[in-house]
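Accompanying notes for the structure given below.
Naming: A, B, ... by sequence-line order, numbering from 1 per chain.
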There are 2 protein chains.
Amino acid sequence: MTSVSTEPRDTDGPTPATPPTGGSAAQRERRRRILDATISLAAEGGFDAVQMRAVAEQAEVALGTLYRYFPSKIHLLVSALAREFTKDVDRSAIRATPGDTAHERIMYVLNRRTRALQKQPKLTEALVRAFMFADQSVTGEIHEVGTSLTTVIARAMHGTPDHGEVTEEEAAIIRIISDVWLSALISWVTGRMDEKDVEKSIDVAVRLLLR
Amino acid sequence: MTSVSTEPRDTDGPTPATPPTGGSAAQRERRRRILDATISLAAEGGFDAVQMRAVAEQAEVALGTLYRYFPSKIHLLVSALAREFTKDVDRSAIRATPGDTAHERIMYVLNRRTRALQKQPKLTEALVRAFMFADQSVTGEIHEVGTSLTTVIARAMHGTPDHGEVTEEEAAIIRIISDVWLSALISWVTGRMDEKDVEKSIDVAVRLLLR
DNA sequence: GACTGATGTAGAACGTGTTACAAGTCTAGA
DNA sequence: TCTAGACTTGTAACACGTTCTACATCAGTC
């Protein structure tokens with residue numbers, strides 16, 4: 001499925017590849033349709049239902065075109081995840097997070113997001129599995145997701161939309177919280193934790209880390 | 001690759017399936033050969049090189065037999081991981097972990113294991129990716145791995161081979177440390193962290209959690 | 001308006017995980 | 001020893017991610 005060993009393989013220069021912005025209007029439109037189709041299929045049937053032929057058909061592009069835009073299924077799903085997360089970041093920039101303490105605010109933000117994901121279990125399963133399965137070639141998209149998450153938590157920590165300077169220590173804490181959140185999400189997706197467990201495990205982590 | 005939706009599919013009763021113990025001597029032997037072949041192929045070429053036909057050939061069993069023992073590639077790899085981890089647990093039971101503080105002892109244990117994994121990057125990549133990609137049907141094997149890790153950390157925390165009663169709080173801390181360790185391992189496998197980063201991120205987590 | 005290179009389309013083809021099947025082999029019990 | 005049933009084997013077939021190829025279309029340039 002993934003081949004780390006092969007060379008860059010693409011000798012052609014100007015592939016639209018992945019950038020969300022840039023390209024003609026028609027291209028941005030196609031990209032949007034592809035990601036919409038991905039989300040829609042994932043929401044219905046999870047990871048397995050996101051079949052490249054099905055995505056291409058629903059997005060009304062040829063299979064080759066799909067692969068020109070997203071070089072693999074994993075890229076596709078992680079890009080979809082990145083797009084969704086970016087929306088959240090934009091929202092979180094609008095106003096301050098409610099809550100009196102950093103703990104409360106972080107829990108507010110993460111729980112809100114967790115519940116949103118839990119409303120669409122299939123979609124979440126698809127996105128989380130893809131994220132976890134991603135290899136080296138997906139570094140860019142993964143990083144984008146990580147940055148979104150970090151930004152949102154940092155904002156919640158400080159309680160203001162402007163993400164000021166975070167100290168080394170704060171950055172470390174945020175990273176750990178992200179790790180725990182993702183792990184919990186995986187456990188939930190794979191049925192090893194229920195919704196309560198997820199909230200509790202994050203709550204414990206935040207409490208231990210912020211004391 | 002994975003289908004959660006299908007029925008149990010096996011109507012026959014006495015499948016050897018997965019249990020490491022039980023079955024005839026020949027069966028235990030076959031199981032061992034299969035896991036050995038898996039590890040060997042993974043060590044050479046990582047996840048992609050563990051091809052079911054190749055495993056079957058190297059283990060000198062038919063493809064159908066391989067699937068009777070391990071119902072999917074993911075089961076196979078996670079079982080291999082579980083076997084390796086179990087060995088570690090057995091070793092850790094033999095004598096007390098060196099180190100004067102819980103922090104030191106935990107770092108000792110995790111770093112030792114981390115370095116062992118880093119010596120075989122391809123193998124680690126294969127095992128970690130499989131672990132992360134596992135779905136509901138692999139719960140049993142995953143749990144086995146989680147238990148091993150928890151046990152080892154608990155022992156290190158207390159400094160004695162006998163894992164006495166762990167408090168709720170300790171259990172929570174151990175879980176978080178496991179999460180961070182796994183996340184770091186993934187980041188390392190996918191080239192987003194180097195070896196130093198892995199150690200540091202765990203060190204920070206342990207320090208923050210044990211203070 | 002014709003030419004050219006990039007982009008898109010349709011569909012075949014290939015590789016690997018997984019399943020299905022027919023026939024051989026081994027084991028326990030009569 | 002013979003037989004029934006489970007277990008193995010070898011092999012074909014299928015599904016889906018991915019690649020490849022031949023042709024159509026479109027945008028920009030002369």
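For the pair Ser92(A) (side chain) and Val89(A) (backbone), a donor-acceptor distance under 3.5 Å is present. Of the possible donor and acceptor atoms, none in the side chain of Gln58(A) sits under 3.5 Å from a partner among the backbone N and O of Leu41(A). Checked by atom type and distance alone, the side chain of His75(A) pairs as donor or acceptor with a backbone atom of Ser137(A) at under 3.5 Å.
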Protein and nucleotides 21-24 of chain D: nitrogen or oxygen contacts under 3.5 angstrom:
none

Restricting to nitrogen or oxygen on both sides, can you table the protein-nucleotides 12-14 of chain C pairs closer than 3.5 Å?
unit_1: dA13(C); atom_1: N6; unit_2: Arg53(A); atom_2: NH2; d: 3.2

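Note on Lys122(B) versus Glu125(B): no salt bridge recorded, every NZ/NE/NH1/NH2 to OD/OE distance being 4.0 Å or above.
At dC7(D), none of the side-chain N or O atoms of Tyr69(B) fall inside 4.0 Å of OP1 or OP2 (strictly under the cut-off). In this model, the phosphate group of dT8(D) is approached by a side-chain N or O of Gln27(B) to a distance below 4.0 Å at OP1 or OP2.
Not counting sequence neighbours, the partners of Asp36(A) by the salt bridge (charged side-chain N to carboxylate O under 4.0 Å, His left out) test are Arg32(A), Arg83(A).
Side-chain contact check for Thr114(A) and Trp181(A): at least one donor-acceptor pair (N or O, by modelled atom type) lies under 3.5 Å.
Considering only the side chain of Met52(A), dT18(D) comes nearest among dT18(D), dC16(D), dG17(C).
Among the protein residues, Val55(A) comes within range of no part of the nucleic acid, since none of its heavy atoms lies under 4.0 Å from any strand. Contact annotation for Glu57(B): no contact, since no heavy-atom pair falls under 4.0 Å across all strands.
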